[in-house]
Each structure stands twice: as structure tokens, then as C-alpha cells.
Amino acid sequence: MRMRSGGVAASGWVRGAAALLAGALPALAFPAPSLWWLGYVALVPWLLLIRSAGTTRRAALDGWIGGIGFIVAVHHWLVPSLHVFIVLLAALVGLLWAPWGVLVQRLLGGAPSALRAAAAVVAVPSGWLVIELVRSWEGLGGPWGLLGASQWEVAPALRVASVGGVWLVSLLVVAINTALVLLTTARTPARTTGGVLLVVCALAVGGVWAWAPQPVTTGTARIAVVQPGVVAGPGSVERRLARGEELTRTVAGRDVDLVVWGESSIGAGAWRDPGTSRRLAALSRETGADLLVNVDARQTDGSGRSGIFKSAVLVGPDGPTGDRYDKMRLVPFGEYIPARSLLGWATSVGKAAGEDRLRGDRQVVMTLPESDRRLRIGPLVCFESAFPDMSRRLTRDGAQVLVAQSATSTFQESWAPAQHASLGALRAAENGRPAVHATLTGISAVYGPRGEQVGEPLGTEESAAAVYDVPLAHGTTLYGRFGDWAVYAALAALAALCAAEGLQALRRRPAPGTPGRSARTAHGSPERPEH
């Protein structure tokens, strides 16, 4: 009996390890490996494992453990900063996959019928999308590692994003994984359904490619990105500023409309120095362009609040123009500590914020006074480029170019810079507007209104200024017009499934007064009433 218990325990550990690895596998589809094609099969091992679960409890456990593996793998570069918190966060967020595991087992387990197979290809991706929606809440880390984002360099996927955002791409990727499981493991009716649904997915993408409205190019803007590179050691803040000035002067005479510096490109001390504004104004006059700089300093906003804001500031030939955007969505632990009274001790074990930054209260579209075409830009700061709704709002407010200022210096040798830069392609394709991703230390990149890469990116080893001819466009994408309709469709699909399950349960329940099965005696014969 002991041997059997030990074997069961060992089997449980092996299965748990398999779930952890299976959940981590999709991370390879994201940058830096960028094995985008893997995204269409990466969930298959995890789905097969859950499908084989003998109990609902085991399916939920496989979902939870796999979710932990996914979160840790996609965010592994945070380990030096968060330490033990990355495990705690993964365990918390991973719970979202527990009910998904039950859903997978319910629809894919055993020998599914053709109808159940069709329901699986709709409901399993919908369940995944609800998980992405919930974990996109800023307090849980924001929408980093959405499965659809792994397809940032695939033109047909970017076209799909223009219709339903990154959400629709995620639905498509998970649907293909689910159909492949049916195609390879189910019996004939369900296998046929899986094959048919794969064809339907292919035809749908082809239809989107041919039919979805695309932005119309209306000219170009010349935008320079200044990337100082790694500047460390004593006096690094002032030396970074000096390097930014030096690189900015190299674009003088090149008919530039805008020069973009990265996040926290000007230190708090320099920003308080009145001489800094004069230096920046002189740069604007010398280059004939406006400068979009970024400062992380104690300031007072328009409503009179004082504190540390992370701000994008527009500077013209006469100094700051008055256009300023204060970052609204802050990085948990990096820029503020949730429930600091309870979790404030995080500052002693990781690189957590010693003081909470303050949030801006509105998004801002800036008009460049020095641009001949009165160019309108929509600034974002750091991981705000991961939130689809923020870029969509800026586009609807009239932004012609989306500009994200970032600094991933802390994670310089990790996958983070490449992952962050790739998000610009999704935001550009979703909204039909070009996107500029400017960083302090790389990777800086520019994308056209269809999500296509413009020019060569500046890598993490470069200290340079680059000028890009950025194509401008007008028109509205379907995502820009209708927003997150794919999310609502997923919620409706799950609601319909729950309703169908509820109706089935009611039908199976015997009506009141209906006699149940006749009871049997210990000898197996029907019990007869006494006379």
C-alpha cells in the first residue's frame, strides 16, 4: 500500500512538472527567440495533458500549474527585480487558468462528439481570452505577454489585429491549437470537425487580408530617435543628458519634424535647473524641430497635486510649450507598491519603488508648433504601450503618430527590450497609425500604419541618433471603430455555453413526483412493499 501511495505521489510530481513545462513553452514564441510559428502549436502539449486528467480537480491543478509556468517564463526577466514576488505573482495569476483547465477537460476529454468539438474550438479560446482580459488589469502586471502579441511580425496576423485588436489574434492562435488537438487525438466525427475548423480559420484570415479596410498613406513625417545608450557610474544622469544633446545636434539640417528622447532622459536635478530648459530650447532652434523629452521628477500638475510624476514634455525653440503628459498607468512595485502598508517590505528584498509615483488623470494629444504640417502626436510612457485601449483613445482623439518613451536599462541583457519594442507593431496595426518606440538604451524601433517595420531598429549595444521617414495615414480601422468586440464575443460564447450546460442539467433532473429507480434489497431483488 505504501508503494502504491509513493507511486501515485511520484506520478503527481511528474505530471506537475510536465504541466509547468507545457505552460512555459509558448514563451518561446515571443521575442527575443521570436519563434512566432511555435505559437500555433505551443499549447498542444498543455491541452493534451489537461485532456487526459482523470478528475476535475486534476484538470484544474494542471491548468493552475501550467499558468504558473507561463507567467514565470514570459516574465522571467523580472526575477532580479522582484525576487520571490515573481513566484507569488505567478501563483496568484496562475489561478486564472484553473477554471480554464476544467473547461478544457470538459470539452476535449474522452471522445468528444462533433458538436462538443465545435464548442471546444470556440469556448477554449474564449476562456483563454477572458484570462488575458483579467490579467490585463494594471494591478496584476498589465497586458504583457498576450498570446496574440507573439505574432507581431506576421503580416496576416497584423491585418487581423486591425479588425479585432490583439484580442482577435489571441483567439485565432488558441483556436488553431485546439483544432490541432482534435485533429490528432479525437475520433472521426470530432477529427473531421477539427479539420473543417482549421480550414475555416485559414479562410477567415484570407478574407480579412482581402477585405479589411486599411489606412491610406498621406505623406511622411521625419522623426529622429535619440538613444544615448548605457551610461553608468558617478554623474551618469548629467552625462546621459550631455550625450543626448550631442546626438541631437547630429540631426540638425536634416529637416526633422520631431526629436524623441527616451523615458527618464532628464534627471530630477537637471529638470529643477532653469538652465536645462534653456539648453533644450537651444537644441530645438539648432535642429529646427520640437523635442519630446521625459522627466521623472517632483512636480505639480494642472490640478495642483505635487509629487513625483513621470512626464513626457514637449519643448520648442522658446522652451517647454506647456504640453505635458503625466504617465497614468504605473508599473506595480517598479513605480508604486500596491497596498504599501502591507507590502512595503518589498523594498528590502528587491528593486521596488521607495516612493509611489503619482498618476496623470488624462491622456494628451500634442500638436507640434514647429512642424510645417502641424503634426499631432500621442505620447505614451513605458509599458503603457502594452495597453491597446490607450493607443486607441489617442488615435480617436486625433493623434497621427503614437510615440512611446521607454527605458528598459535594468533588463538590458534580457528578452525585455525586444518584447517591449515589438508592441509598437501591434499598436500601429490596430489603429492604422505609425508608432515610434524610443528608449534610453535600446531597442528603439519605428513601425508604419500597418505594423510594418520602418528603417533599422537601434539595438541595445548602440548609442546613436537615427532619422526615420515615418509614413502618415488617415482612415479608421475596424478595431479603431468598434474596439474590443472580440472580448465581448468571447464573453458571450462562454455565457451561451454555461446556459446550454444549465439546460442540459435541468433536462437530466427528474421531474417532481417522478418515481426514481426501484430500490433493491441486499440480495439484489426489488424491494416489495409490505401488505
Side-chain angles (χ1 to χ4, degrees), residues 17-52 62-63 65-78 90 93-94 97 100-101 104 108 120-121 124-125 127-129 131-132 135 143-161 165-185 194-195 197-199 201-202 204-206 209 386 414-426 429 443 445 451 453:
L20 197 69
L21 292 175
L25 184 61
L28 297 176
F30 294 89
S34 284
L35 304 177
W36 62 265
W37 51 268
L38 184 63
Y40 295 96
V41 298
L43 293 179
V44 170
W46 192 5
L47 291 169
L48 290 175
L49 184 71
I50 297 173
R51 178 181 180 272
S52 69
D62 289 341
I65 295 174
I68 293 173
F70 180 82
I71 293 296
V72 171
V74 172
H75 299 83
H76 71 275
W77 41 271
L78 285 171
V93 179
W97 275 273
W100 183 75
V104 169
L108 293 178
V121 177
V124 170
W128 181 280
L129 197 61
I131 294 170
E132 292 198 333
R135 72 182 185 86
W144 196 281
L146 302 183
L147 197 56
S150 67
Q151 306 304 300
W152 67 279
E153 54 188 336
V154 182
L158 291 172
R159 188 70 66 88
V160 171
V166 68
W167 312 112
L168 187 58
V169 183
S170 287
L171 275 175
L172 176 68
V173 172
V174 183
I176 291 174
N177 276 272
T178 308
L180 285 174
V181 170
L182 291 167
L183 196 63
T184 55
T185 63
L197 290 171
L198 278 176
V199 173
C201 287
V205 173
W209 180 267
S414 72
W415 296 357
Q419 286 184 16
H420 201 175
S422 70
L423 296 174
L426 271 297
I443 296 173
Q453 190 166 287

So W167 and L129, do their side chains get closer than 4.5 Å, heavy atoms only?
yes

Provide the closest heavy-atom pair for P125 versus A120 in the form atom of the first, atom of the second, distance.
CD-O, 3.4 Å

R159 (side chain) donor-acceptor with A429 (main chain) under 3.5 angstrom
no

Considering non-hydrogen atoms only, spot the tightest contact between A42 and P45 and give its length.
O-CD, 3.4 Å

Nearest heavy-atom neighbours spanning N177 and V44
OD1-N, 3.4 Å

The reported gap from OG1 in T184 to CG in L48 (rounded to nearest 0.5 angstrom) is 6.0 Å

Test of ring centre spacing under 6.0 Å for W97 and F70:
yes

Could you tell me which non-hydrogen atom of W144 sits nearest to which non-hydrogen atom of R135, and how far apart they are?
O-NH1, 2.9 Å

Rounded to the nearest 0.5 angstrom, the CD1-CG distance for I65 and L21 is 11.0 Å

Is a side-chain N or O of H420 found less than 3.5 angstrom from the main chain of A416, in a donor-acceptor match?
no

D62 pairs by side chain to side chain contact (heavy atoms under 4.5 Å, CB included) with which of I50, L20, V104?
I50

With side-chain contact (heavy atoms from CB on, under 4.5 Å) as the criterion, how do L43 and W128 come out once you've worked through the C-alpha distance, each side chain's angles and the decisive distance to 0.1 Å?
CA-CA 11 Å; L43 293 179; W128 181 280; 3.8 Å; yes

Has S150 got a side-chain atom pairing as donor or acceptor with F30's backbone, closer than 3.5 angstrom?
no

Minimum heavy-atom distance P26-L147, with the two atoms named
CB-CD1, 4.2 Å

Write down the atom of G194, the atom of L182, and the distance for their closest heavy-atom approach.
CA-CB, 4.2 Å

Side chains of W152 and V166, heavy atoms from C-beta outward: is any pair under 4.5 Å?
no

Determine, stepwise, if the pair L426 / L146 fulfils side-chain contact (heavy atoms from CB on, under 4.5 Å).
CA-CA 11 Å; L426 271 297; L146 302 183; over 6 Å; no

Applied to residues 25-41, the side-chain hydrogen bond (donor to acceptor under 3.5 Å, both in side chains) test, sequence neighbours excluded, yields Y40-Q151

